[in-house]
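These figures come from a predicted structure and were not determined experimentally. Just so it is clear: chains get the letters A, B, ... in the order the sequence lines come, proteins before strands, and each one is counted from 1.
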2 protein chains.
Amino acid sequence: MAASIKDVAKLAGVSIATVSRVLNNVDVVNDDTKKKVQDAIQALSYRPNIVARSLKTQRTKTIGILIPDISNQFYPEVVRGAEDVANIYDYNIILCNSDTDLDKEKEYIKVLKEKMVDGMLYMSSQLDPEILDLIDELELKTVLVETKAPGKKHPSVTIDNRKAAYDATKYLIDKGNKRIAYIGMKKDRKNAVAKRYEGYEKALKDNDIELDPDLLYYGDLKAPAGYKGINVILENGSIDAVFCASDEIAMGAINALRDKGIKCPEEVDVIGFNDIYEASIFYPKITTIAQPMYDMGSVGMRMLIKIINNKPLDEEQYELQYHLVERDSVK
Amino acid sequence: MAASIKDVAKLAGVSIATVSRVLNNVDVVNDDTKKKVQDAIQALSYRPNIVARSLKTQRTKTIGILIPDISNQFYPEVVRGAEDVANIYDYNIILCNSDTDLDKEKEYIKVLKEKMVDGMLYMSSQLDPEILDLIDELELKTVLVETKAPGKKHPSVTIDNRKAAYDATKYLIDKGNKRIAYIGMKKDRKNAVAKRYEGYEKALKDNDIELDPDLLYYGDLKAPAGYKGINVILENGSIDAVFCASDEIAMGAINALRDKGIKCPEEVDVIGFNDIYEASIFYPKITTIAQPMYDMGSVGMRMLIKIINNKPLDEEQYELQYHLVERDSVK
DNA sequence: TTGTACGCGTTATCAT
DNA sequence: ATGATAACGCGTACAA
């Protein structure tokens, strides 16, 4: 077993209380005894047991991060941003992949609570009320990332998905496109992606373009959905452009177009969403809405740490800026 | 404060020992009293405090994962594989990004030890002896992923990078290519990527192709390195093909070629390494060596959990199979 | 079958 | 300035 505070105390010839004091730099302790203690710590290469400390102090210096899936292009950046600031403040993160499965999410949240995490960053494309209830019941300090809760009760960091999608669609319209397809997820959910659909819809409406149900395709956010979407939509006629709810969809869509001998952007404009790294490497380089993914993580973590330390928040529901990145998939 | 085992005991009218027994399903406890306890647990929506339990049992049911950078395409898959099996066995993971910085790695390892993780998965493109020493000194149960330690002392899961690179280069040679460039990292390091260079070198040698230093470019594993590499190499003459130490390098290289009006694969063959998701979406789809990234994580975690539970390992240094995925970047 | 009491490694209060 | 000692919440000998 590793050396404990007792061993240090014994070797230094002092009480454990004194050792604890020099360890935490608290109270005043005689320089000589301090030195003795430090020597003993050195000699035993003693390191405090944080689990024991946590039990006493009721704070573990670890934070839970609940995401759908780390292997999904969007989240690594967010997690990295979060971990970076966590690290600055001496927190560690417990990573949990939920696959957006409600039961799995609830189970993870409970375990996180049992492990006494100081707080949680919760990310999910959809936000079930049950989750909010559970968070409240457990009194688990939480910041929502990517989704906003109705009401002002839960702190969050998001972007304005609706407006961003509106801007993207408007951009397509301004380029002279009329028949603009949408590939994304069903709109009947209360989530970030649904808001993108709303933005798309409103942009059409505001510009007197009639919504054509044949130009809509719902799948997930992955590339195959984009590929399939194009194939399905093109069965019903031609299109001028397509708004994709993710960059991966855009990549799949462009590949489908290419396989059909249709050139992007010459014949069909394609716009993506998120600005994942590969969007700038793809051919053609993808025009897209850039979400500040790293910042969403770091800002979210900053907020959470403030909450944990009972500091006031500048803003309860933080809305970050997105921007449209003009590249080569729109002419 | 949340309900503790005492509260449950009091409400159920039994001792905390009894509560603990039903909690852990240990010893025999009367059905009636068991029911009383369970009711009390329900009533108080009691959940055991794992921190306290850990202090007592000396196991935290959490495992540290140390990686260079989660936002680097390679690791999310590995981490996902690891977390999935961790979850099966009721472990959680603490994720640490080291940026391959030795000091940061050492600091993280110490903190993980302080937090009493039951074990660690260590990944890094390079493996410093100091790390091995620290792991030994701390007696931290560890499985190395991606890199193998000299000697049989440390368990690891890897692929045969040297042979894989050999195969890839041989494949290029068999396609009739002579002037084959290499874009990767310097070979003077003892790491996985260095082995890829060795494989490249040996394949040339075995096929009587002289190594041309002008055809070598060293950078990192990112796309810009591939882009720059092509530009630098082409200043010294033409090439038939290029072996890239990562898929991202391959993407950068292909983009550079395209910008120079050189077609891939018609004029220059390009082969990548890893088979990250985007390799199959890129245009042209990238021919590459597929590393079983998810499996590296899951197998590594399985090994680690066995070690933690003092079960024997089938193999100390596990070598996983790679395979060459033929796609469109090689004609 | 159940209860008492100790200890896991800390921090913090109260004396001295 | 320093030392005893009581928690923190739990598991587990040992007793009963």
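Between dT2(D) and Thr18(A), no contact under 4.0 Å exists linking OP1 or OP2 to a side-chain N or O. For Thr33(B) and dT2(C), the shortest distance from a side-chain N or O to OP1 or OP2 is below 4.0 Å.
For Asn97(A) (side chain) and Asp99(A) (main-chain N/O), no donor-acceptor pair under 3.5 Å exists by modelled atom type. A donor-acceptor pair under 3.5 Å is absent between the side-chain atoms of Asn87(A) and the main chain of Glu83(A), judged by distance alone.
With rounding to whole Å, Arg59(A) atom CZ is found 18 Å from dT10(C) atom P. Between the NZ atom of Lys10(B) and the C1' atom of dC10(D) there is a distance of 16 Å, rounded to whole Å. We find that CD of Glu114(A) is positioned 11 Å from P of dG11(D), with the value rounded to whole Å. Note: CG (Asp31(B)) to C1' (dT1(C)) measures 12 Å, nearest angstrom. With rounding to whole Å, Asn25(B) atom CG is found 15 Å from dG11(D) atom C1'.
A side-chain donor from one of Tyr122(B) and Glu105(B) sits under 3.5 Å from a side-chain acceptor of the other. For the residue pair Asp84(A) and Tyr294(A), a side-chain donor N or O sits within less than 3.5 Å of a side-chain acceptor on the partner.
The list of salt bridge (charged side-chain N to carboxylate O under 4.0 Å, His left out) pairs with a residue in residues 137-151 of chain B, not counting sequence neighbours, reads Lys148(B)-Glu319(B).
Comparing Asn24(A) and Val29(B) against DNA chain C, the residue whose closest nucleotide sits nearer the 5' end is Val29(B).
Within 6.0 Å of OH on Tyr46(A) lie more than 12 heavy atoms contributed by other residues, nucleotides or ligands. Taking a 6.0 Å sphere around NZ of Lys104(B), one finds it holds more than 12 heavy atoms contributed by other residues, nucleotides or ligands.
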Polar atom pairs between nucleotides 13-16 of chain C and protein, under 3.5 Å, N or O only, would you list them?
none

What does the list of N/O pairs under 3.5 Å between the protein and nucleotides 6-9 of chain C look like, with a distance for each?
{"residue": "dG7(C)", "atom": "N2", "partner": "Lys56(B)", "partner atom": "NZ", "Å": "3.3"}
{"residue": "dC8(C)", "atom": "O3'", "partner": "Gln58(B)", "partner atom": "NE2", "Å": "3.2"}
{"residue": "dG9(C)", "atom": "N2", "partner": "Ala52(A)", "partner atom": "O", "Å": "3.4"}

